[in-house]
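Presented below is the structure to which this report refers.
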Protein chains: 2
Amino acid sequence: MQSVQGVLDTLARRWTGELLMAGTEGARRFREYRRAVPGISDRMLTLRLRELETLGLLSRTVVPSTPVQVLYAPTKHAAELLEAVRPLVRWGTQHMAKAGAQVVAPAS
Amino acid sequence: MQSVQGVLDTLARRWTGELLMAGTEGARRFREYRRAVPGISDRMLTLRLRELETLGLLSRTVVPSTPVQVLYAPTKHAAELLEAVRPLVRWGTQHMAKAGAQVVAPAS
DNA sequence: CAGTATCCCCCGAGATACTG
DNA sequence: CAGTATCTCGGGGGATACTG
């Protein structure tokens, strides 16, 4: 169980899950992630993207155009992680709602 | 993804995973959990056990002997949750170590 | 045995302003 | 556009002492 604590800590932190999803759903640039995740601040976005990069879940590529572009892309690891999380998502969907777990209110 | 945030938040909090494991590994009474999870304080143990009970992951039974006994038992939900976490554990075992994720140092 | 009750501290995250 | 730099606040969790 200790071996997942790191993943868990990371995934559970605010914004991380949403960012990962945003990535798989087509977000690539900084502002695309920001648009995809309503409410996140530039600071948190930067922090999370860096963390995900460090964990090997996102790749970061700087395109030296003017203005500069930075492209983020989910790695294979991220895809595998998302797969690994699936059963947990199913479990959550089936059991947590009725247990009174607070589901984050949709923005819209 | 929002549907798992609750699970994730819970599982990621300190002690929770270890307590769940302790339960499946035979811990039943308050002090058995305390022994099984080195370093946890009475306060945190109480808090976590209550949370897990609220989430429907542990049942709590008071046996009115002298002194009183309180028995905790993982529910079916907990067993299902543990199953659902498996793939994630595998993913973590395979990928996190080398990513520099801090694995909690084993007590012994 | 199985908890409560306090007090305290640190860190995660928000707000705001600024920059190459 | 894609970030940094500060400041602040709240609450999660530790330490310690006490109790039915």
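In what follows, chains carry the letters A, B, and so on, assigned in the order in which the sequence lines appear, proteins first and then strands, with residues in each chain numbered from 1.
Between the side chain of B:Q5 and the backbone N or O of A:A12 there is at least one donor-acceptor pair closer than 3.5 Å. For the pair B:T75 (side chain) and B:G56 (backbone), a donor-acceptor distance under 3.5 Å is present.
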Determine, for nucleotides 5-20 of chain C in 5'-to-3' order, which nucleotides have protein heavy atoms under 4.0 Å from the base (write B), from only the sugar-phosphate (write S), or from neither (write -). BB------BBB-----
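A:L45 places its CG atom 16 Å from the P atom of D:dA5, with the value rounded to the nearest Å. If you measure from atom CG of B:L49 to atom C1' of C:dA2, you get 10 Å, rounded to the nearest angstrom. Going from atom CZ of B:F30 over to atom P of C:dG3 covers 5 Å, rounded to whole Å. To the nearest angstrom, C1' of C:dT4 lies 14 Å from CZ of B:R34. For B:L47 and D:dG13, the CG to P distance is 9 Å, given to the nearest whole Å.
For the atom pair CG (B:L58) and OH (B:Y33), the distance works out to 4.5 Å, reported to the nearest 0.5 Å.
Considering only side-chain N and O atoms, B:Y72 lies under 4.0 angstrom from the phosphate OP1 or OP2 of C:dG3. Put simply, B:R50 has a side-chain N or O that comes within less than 4.0 Å of OP1 or OP2 on C:dG3.
Base pairing of C:dT6: its partner is D:dA15, meeting the Watson-Crick or G-U wobble criterion (both donor-acceptor distances under 3.5 Å).
The closest side-chain heavy-atom distance from B:T24 to B:L82 is below 4.5 Å. Counting heavy atoms from C-beta outward, A:R34 and A:R29 have side chains that stay 4.5 Å or more apart.
At a threshold of 4.0 Å, the pair B:R35-B:E32 does not count as salt-bridged, since none of the basic side-chain nitrogens sits closer than that to a carboxylate oxygen.
The A:R60 side chain lies nearest to D:dA2 when the options are C:dT4, C:dC1, D:dA2.
Heavy atoms of A:Y33 sit nowhere under 4.0 angstrom from any nucleic acid atom.
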